[in-house]
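Notes follow once the structure below has been shown.
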Amino acid sequence: MYKLIIMLALVFPPLLEASSTFVGNGGSILDSELRGTIHSLELSIEQAMREKSEIGVCACQGENRQCALLKSLNNSEKDYCQKFIEDHSPGLLKLVRDRNAYTFQWSPSALRSEGQGRSFDAMANASTRTITFDENRFAKMSVADRVQLLAHEFLHLYPIEGEVIGDDGEIGPFKGESGKRRLLDVMGAAYAVSGMKNTAVPLKASKGSSAVKNLYIHAMGGSRDIAPGFKRSSLMEENIATGSLGVTWFPRVTDNFGLFAASYTESGSKTHFNGQLESELELFLIEVGATYRLLPINSGYRWLDSTQIFFNGALGFGGVEHTFKDDFVNLKKKKTLSSASLGLSLQIPLIWNFWFTASPGLRYMPYKIEDLDIESKTVDYTTQFGVTYGIQI
Amino acid sequence: MAFRSDFLMKTLYCLVFFSLAGCSDSKDEKYMIGIPIDQFNPIGLEFREGPEQQKFYGYDEFGKRIVFVDPQSKEVDFSPSLGDRSEGQAWLPGSGDSHAFHIKGGRVFVVSAANPDAGEALKVSGTIESYAAEPNEGLYAFVDEFFSIALLKVDPEGQVLAQWTGGAIIDGANNIVAGEMISGGKLVLLTDQQSIIVVDVEGSLASQKWVYEIVALPIESASWAGKIEGRTDRVLILDKDSLDLVDLTSKSIISTQTIEDANVSKRGIDHAFLYDSNTDKYSFYSAGAGDAIDRHEVKISGLIPEQTHLSDQNLVLTTDSRQIVKVRLVDGLVQASYSNTQKALVGISADYAVSMFESPLGYLEILDLATGKKTVVEGHNREVLQN
């Protein structure tokens with residue numbers, strides 16, 4: 001056993017090291033998205049290098065933002081773009097593949113450079129070889145926009161004849177104060193369009209749910225298994241129907257720790273003596289708690305990588321009502337109660353930002369209703385299934 | 001010629017009120033020895049009145065136990081769990097509160113705090129359908145569907161002192177058709193041989209055989225025997241067309257009333273009653289003071305009695321339409337009339353009516369017949385159902 005521990009201790013740090021290109025939590029969904037984008041960019045650059053079409057890489061006949069930018073090029077700009085592709089794609093590809101040559105950062109607030117009133121989707125620092133993204137903007141971007149943006153930023157780190165290209169000033173036929181920025185935008189667009197040709201960049205936005213969300217709305221239903229003693233005293237079935245409606249919020253898209261609040265209900269009934277006696281249970285809780293999100297799959301397939309596991313812990317407060325009634329007697333008692341719960345939610349991505357959710361857990365809701373001799377004092381197992389809808393706010 | 005107009009009128013009432021139960025002429029209470037026991041489908045709660053206490057009692061299907069209701073204190077008690085009714089269930093209080101008898105099918109168990117493991121006191125082959133008793137003397141006779149007669153003597157604490165079971169053919173020829181136990185330890189049995197057999201119960205227990213005396217009487221087709229409380233020398237006999245008061249000392253009929261198609265009841269004072277369609281009245285007959293048979297008439301138009309409880313001053317009855325009626329005997333004044341809106345097992349006495357409704361959680365109403373005040377006892381089965 002100790003050999004295994006030693007082995008893991010030797011292997012694990014390098015694995016962590018390899019994934020620590022990112023500053024901060026390397027396990028966030030944006031990190032996963034970024035890895036996917038880097039991979040898409042690699043494929044796009046490779047496609048651009050292989051491009052043999054008559055119109056060349058820097059032209060496009062499609063109807064998207066990248067194609068619109070390429071269509072706006074004049075002949076000189078187009079030729080410059082084409083030659084840039086031919087001359088520098090291999091070097092750029094080498095840079096992109098060198099994971100130790102750069103780092104990334106996420107910024108929760110808008111990026112602005114000194115003296116600039118406008119904000120940026122990302123900023124590259126050639127001296128520190130760091131690319132910083134506005135995480136909220138990146139999260140909302142399409143794959144094509146991300147590939148274009150990433151190419152643009154990598155080109156800020158890519159030295160040409162010993163110098164890197166900034167955003168300001170002219171270069172070649174790209175004139176004006178923002179000529180260099182426009183060149184890099186055009187290069188990014190050209191690579192993105194190339195990627196569309198080998199499906200590295202999808203032509204249309206995927207319907208598959210993406211975990212780049214920081215607000216999730218859950219609607220679940222299931223059951224709680226009750227202890228034999230409670231089943232006897234409450235005259236209920238072995239399990240009671242449950243339902244919950246909740247919200248999980250991650251302050252930042254890159255956060256894996258979040259907060260959640262939910263309403264939790266239980267409803268049970270059972271008839272006895274051929275329907276002459278009915279026992280009922282109604283329970284309602286408001287819960288608040290914390291969540292830790294884990295993204296267990298890193299396959300490079302965006303949809304599959306959006307599988308999430310939420311580990312939840314919560315405290316709740318509410319009330320329960322038990323009823324025993326027949327045609328003559330109605331015994332009904334209420335009790336307030338507090339609760340504690342632990343659980344995990346396996347979120348399997350569907351489409352249109354919906355997830356299928358399976359959620360086993362443990363729940364402790366102690367209470368005693370003296371007048372009816374009913375006592376709940378065990379930790380019970382719960383199972384819920386449902387759907388989750390994610391949005392980014 | 002009166003073409004059985006009584007029968008036709010009664011049939012008409014039966015059809016109009018659509019109640020087969022109410023159309024019964026209580027023949028279940030005839031051709032029995034003592035008080036009938038229905039272990040499976042009793043028509044009401046039983047009532048026992050002691051010198052200091054009254055008790056209604058009956059088997060609760062949901063609690064699977066006997067419920068005891070004291071209508072005066074409004075207290076409700078319960079027997080231990082007795083199981084379900086598949087083999088039958090009945091209960092018979094002993095003298096005082098020291099012991100009782102739990103009847104289950106053909107078996108009789110003594111239930112006693114002093115002797116909780118007393119167990120089975122006797123067993124007969126068939127289901128016990130009636131009993132006759134003199135609790136003050138500790139003497140009991142349990143009769144099954146085959147008319148086997150199990151005699152039992154217990155002490156005041158319920159300890160079994162003697163037991164013997166005899167068949168329904170005594171003296172080789174006499175076939176027992178009905179009977180009753182009267183004071184003095186005598187079991188009066190009616191035969192189909194124009195005679196009655198007076199059994200010495202203690203003697204029979206001691207000898208382990210019938211010890212008896214045959215009394216020849218001009219009775220044609222006796223079907224019921226009624227006791228006169230405290231009298232060791234009197235018995236009422238319902239014959240085919242008469243109710244006869246018999247003196248066991250002179251061995252003769254000393255008073256008679258001509259009646260036909262009478263119903264009988266042992267609730268309160270043992271009595272017979274019948275309906276006269278000509279007068280639209282019910283007549284109630286019982287042993288009166290001295291050597292006479294009393295007759296009281298009451299007019300309760302449209303009501304068909306299911307249970308009747310006769311006391312010195314009043315008649316209390318339940319009907320097939322769930323009414324509880326109290327009548328003053330002296331002038332037939334209907335003093336009170338109440339209705340249950342739902343089906344219930346009802347027990348009646350001179351002053352109270354207790355209704356046990358079909359409530360799994362338990363629901364009882366104790367009705368004071370004088371004031372009309374209802375006391376509700378509910379929810380008493382909850383704990384039983386939860387365990």
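Since we're looking at a predicted model, the values are computed, not measured. Note on naming: letters A, B, ... go to the chains in the order of the sequence lines (proteins, then strands), and numbering restarts at 1 for each one.
Residues satisfying the salt bridge (Lys or Arg N to Asp or Glu O under 4.0 Å) criterion with A/K377, sequence neighbours excluded, are absent altogether. By the ring pair (Phe, Tyr, Trp, His ring centres under 6.0 Å) test, A/F260 is found to be paired with no residue, residues two or more places apart in sequence or in another chain being considered.
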Output, in order, the C-alpha distance, side-chain angles, deciding distance and verdict of salt bridge (charged side-chain N to carboxylate O under 4.0 Å, His left out) for A/E278 and A/K270.
CA-CA 6 Å; A/E278 186 172 3; A/K270 185 174 182 181; over 6 Å; no
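Of residues 339-361 of chain B, those residues lying under 4.5 Å from chain A by any heavy-atom pair are B/Q342, B/F357, B/E358, B/S359, B/P360, B/L361. Listed by sequence position, A/F328, A/V329, A/L331 are the residues of residues 328-344 of chain A in contact with chain B, using a 4.5 angstrom heavy-atom cutoff.
Remark: A/R293 is not positioned above the aromatic ring of A/F310, lacking an NZ or CZ atom under 6.0 angstrom from the ring centre and at most 45 degrees off the axis.
Only the side chain of A/L235 comes within contact range of chain B, with at least one heavy atom under 4.5 Å from a heavy atom of that chain. Of the atoms belonging to A/K231, not a single heavy atom falls under 4.5 Å from chain B.
Ring geometry for A/F230 against A/H322 counts as perpendicular: the plane angle is over 60°, on a 0 to 90° scale with 30° as the lower cut. Under the 30°/60° scheme for interplanar angles, the aromatic rings of B/F56 and B/F47 are found to be tilted.
The pair A/D373-B/R382 meets the salt-bridge criterion, since a charged nitrogen lies less than 4.0 angstrom from a carboxylate oxygen.
Neither side chain, B/E61 nor B/Y59, offers a donor N or O lying under 3.5 Å from an acceptor on the other. Inspection of the B/S321 and B/T319 side chains reveals an N or O donor paired with an N or O acceptor under 3.5 Å. Inspection of the B/N381 and B/D60 side chains reveals an N or O donor paired with an N or O acceptor under 3.5 Å.
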